[in-house]
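See structure below.
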Amino acid sequence: MRQLLLPFVPRYLPLSLSVAGTLALCVLAWRNPDIAPYLSAPILVFLFFSALGVRDLLQTKHAILRNYPIAAHLRFLLENIRPEMRQYFFEADKDGSPFPRDKRAIVYQRAKKELDKRPFGTQYDVYENRYEWLHHSMAPKEPSRDPFRVLVGGPQCAQPYSASVFNISAMSYGSLSANAIRSLNKGAKIGGFAHDTGEGGFTPYHRENEGDIILQIGSGYFACRNPDGSFSPDRFAEVSADPQIKMIELKLSQGAKPGHGGVLPAAKVTEEVARIRGIEVGRDCISPARHPAFTTPLELMQFVAELRRLSGGKPIGFKLCIGHQWEFLAVVKAMLETGITPDFIVVDGKEGGTGAAPLEFMDHMGMPLRDGLAFVHAALVATNLRDRIKIGASGKIATAFDMARVMAIGADWCNAARGFMFAVGCIQAQQCHTDRCPTGVATQDPLRQRAISVPNKALRVAQFHKETVKALAELVAAAGLDHPGELKPHHFMHRAAPDRVVTFAELYPALRPGELLSGTRDRHFEAAWALARADSFAPSSHGIHFVPVLAAE
């Protein structure tokens with residue numbers, strides 16, 4: 001008896017009504033041939049839903065469809081449009097992740113040279129924990145009209161480069177579309193700043209508009225690899241000789257997926273991408289988690305020296321997200337032992353962006369930017385190496401305040417990836433890994449990427465850079481300073497509790513010049529320095545027991 005009543009159970013009603021409607025319309029058309037042509041469309045609609053419902057009942061992949069035939073498809077539809085519904089209807093200005101709505105808006109406005117001011121006062125609760133601010137001066141200065149630049153190149157560098165304090169961070173062709181790369185590089189050419197290639201290599205799309213290039217070398221060696229995937233000195237020398245390439249960046253790790261290696265999903269590995277990178281079409285392109293060209297800190301320094309020689313003396317540096325602290329200090333010991341130093345180090349934060357990464361790595365692996373940056377800066381100061389090595393910072397930087405904050409902690413310049421993606425047209429749809437980017441920025445689909453007008457978007461890239469650096473100049477001047485290099489930790493305040501405010505100098509303790517060499521008692525460094533060894537990334541068995549201590553403690 002219960003089986004006979006199933007068609008009348010609410011969850012089966014859509015299927016029951018579809019079947020009943022199909023039968024009723026068919027009978028009506030049979031009995032009234034004159035109106036049958038007019039009933040064909042409704043019959044097809046009811047027949048479609050009837051067939052869909054039967055299919056739902058018989059399929060075994062989705063339990064919810066078996067229990068709620070036809071009706072359950074509404075769940076999948078709502079799930080698909082959920083991000084858009086939140087972004088357009090429910091998201092407040094300070095909401096949204098990874099970038100809140102107001103930060104995306106400020107990029108769009110500056111890129112379009114529209115009004116970027118705000119009315120009525122801040123929307124932040126300034127008494128809430130973690131609120132931060134910059135001290136202003138009672139004697140502010142006139143904002144600098146000259147673009148802020150920093151000379152990158154240590155004593156071993158024959159071709160130093162005058163870099164902007166704000167540059168395009170590493171994003172590969174393959175991850176981004178050809179038109180996005182063209183727009184970024186042309187914008188860099190217009191604005192006089194640098195464009196990092198990412199580990200995907202120096203492609204024809206980077207060459208077209210002749211913007212300054214930072215050539216990134218990842219563990220896959222896509223710009224300079226042998227057929228077996230190993231590093232090719234000859235190919236590197238050939239590529240790096242191009243005058244458009246101003247600096248070379250060796251990627252040791254990336255903030256969003258440190259210790260994992262790069263990932264380009266198979267959906268984005270087209271014939272052209274495969275040809276440029278020297279890989280197979282239609283298969284996931286996964287870079288090794290570590291570089292096969294070196295295995296110890298000493299070998300890393302020798303590799304840096306070799307890259308400098310092969311490139312004709314161009315600035316050589318490396319990018320990393322800080323993990324085990326003794327490993328970075330092991331690299332510092334290798335610098336001291338060999339006398340070889342990189343010209344720059346880019347510190348990437350775990351909050352950095354990526355086209356594709358495992359959730360566990362993206363959420364819980366690696367050190368955040370400010371903690372890693374403060375550590376690297378202090379370590380170089382305490383070993384008397386800071387004046388030879390410039391430091392770049394990357395990881396969720398989009399505004400002048402973001403820049404000023406990390407420059408106070410120790411950065412000489414900043415890199416941004418997603419900020420410049422917004423300038424090209426990215427709407428944070430978070431479809432980068434699917435090859436279905438709605439704006440054509442992160443896709444290899446030629447129909448989707450044609451939406452990007454290169455001349456228009458290149459101008460927006462240049463304007464976003466110009467207006468952001470201009471805003472930085474105004475912040476620096478308001479603090480009574482001439483250059484962002486004068487910003488120090490004591491200029492910034494952090495609310496640790498409703499009734500407790502601390503300076504960045506308290507959050508990120510500094511070391512004295514040479515302190516690690518003479519013997520430090522700082523608990524943040526003492527144990528890690530004892531564990532570090534120049535001949536291996538593994539900790540020394542003679543080191544003291546190491547317990548990590550957060551800088552904020």
Side-chain angles (χ1 to χ4, degrees), residues 1-91 177 263-271 280-286 355-360 362 427-451:
M1 183 66 180
R2 186 181 179 187
Q3 302 296 328
L4 295 176
L5 295 176
L6 281 179
F8 303 101
V9 173
R11 56 195 173 100
Y12 289 118
L13 275 179
L15 174 57
S16 301
L17 292 173
S18 296
V19 173
T22 303
L23 292 174
L25 288 172
C26 287
V27 170
L28 184 62
W30 176 64
R31 296 188 66 175
N32 299 277
D34 293 341
I35 63 171
Y38 302 102
L39 296 176
S40 58
I43 289 173
L44 288 175
V45 171
F46 275 91
L47 186 62
F48 168 78
F49 281 106
S50 299
L52 179 64
V54 172
R55 173 187 172 277
D56 292 344
L57 281 175
L58 298 178
Q59 61 83 38
T60 58
K61 188 176 180 181
H62 300 288
I64 192 171
L65 289 177
R66 289 170 68 87
N67 276 337
Y68 296 86
I70 301 178
H73 286 280
L74 183 62
R75 173 192 180 273
F76 294 104
L77 173 64
L78 293 174
E79 194 174 58
N80 282 336
I81 65 173
R82 177 175 175 268
E84 288 79 8
M85 295 290 288
R86 288 184 63 191
Q87 187 177 98
Y88 295 125
F89 296 105
F90 306 111
E91 194 176 273
S177 67
V263 179
L264 184 65
K268 301 176 80 168
V269 182
T270 63
E271 289 187 10
E280 293 186 48
V281 179
R283 296 189 62 179
D284 287 345
C285 175
I286 302 176
L359 180 69
E360 295 86 353
M362 193 158 51
I427 59 172
Q428 196 170 275
Q430 301 186 57
Q431 296 292 317
C432 313
H433 60 304
T434 66
D435 204 40
R436 297 194 298 272
C437 172
T439 59
V441 176
T443 179
Q444 295 307 303
D445 184 332
L447 290 177
R448 288 178 179 271
Q449 64 174 289
R450 69 179 291 275

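Bear in mind that the values here come from a model prediction, so they are computed numbers and not experimental data.
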Derivation of the side-chain contact (heavy atoms from CB on, under 4.5 Å) call for E360 and M362 | CA-CA 6 Å; E360 295 86 353; M362 193 158 51; over 6 Å; no
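- Nearest heavy atoms, L15 versus L57: CD2-CD1, 3.4 Å.
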Step by step, would you call I64 with F76 a side-chain contact (heavy atoms from CB on, under 4.5 Å)?
-> CA-CA 10 Å; I64 192 171; F76 294 104; 4.0 Å; yes
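- Pairing each heavy atom of P438 with each of A429, the nearest pair is CG-CB, 3.6 Å.
- At most 12 non-hydrogen atoms from other residues, nucleotides or ligands lie less than 6.0 angstrom from CZ of R450.
- Proximity of a side-chain donor or acceptor of S177 to a complementary backbone N or O of G440 within less than 3.5 Å is detected.
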Derivation of the side-chain contact (heavy atoms from CB on, under 4.5 Å) call for D445 and R436 = CA-CA 8 Å; D445 184 332; R436 297 194 298 272; over 6 Å; no
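- A pairwise comparison of heavy atoms in T443 and Q449 identifies O-NE2, 4.1 Å as the closest pair.
- Here the rule is side chain to side chain contact (heavy atoms under 4.5 Å, CB included) with R31, and of V27, L28, I35 only V27 fits it.
- Sorted pairs that involve residues 41-61 and meet salt bridge (charged side-chain N to carboxylate O under 4.0 Å, His left out), not counting sequence neighbours, are lacking altogether.
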Side-chain polar contacts of residues 41-52 - donor-acceptor pairs under 3.5 angstrom, sequence neighbours left out - could you list them?
residue	atom	partner	partner atom	Å
S50	OG	S18	O	3.1
S50	OG	V19	N	3.3
S50	OG	T22	OG1	3.2
S50	OG	F46	O	2.8

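- Summarising the geometry of Q444 relative to D435, their closest heavy-atom pair is N-OD1, 2.6 Å, with the distance given to 0.1 Å.
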Apply side-chain contact (heavy atoms from CB on, under 4.5 Å) to the pair L65 and H73, showing each step before the final yes or no.
-> CA-CA 7 Å; L65 289 177; H73 286 280; 3.7 Å; yes
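- Side-chain atoms of S40 come within 3.5 Å of backbone N or O of P37 as a donor-acceptor pair.
- The OG1 atom of T439 sits 9.5 Å away from the CZ atom of R448 when rounded to the nearest 0.5 Å.
- Between the side chain of R11 and the main chain of P69, no donor-acceptor pair closer than 3.5 Å is present.
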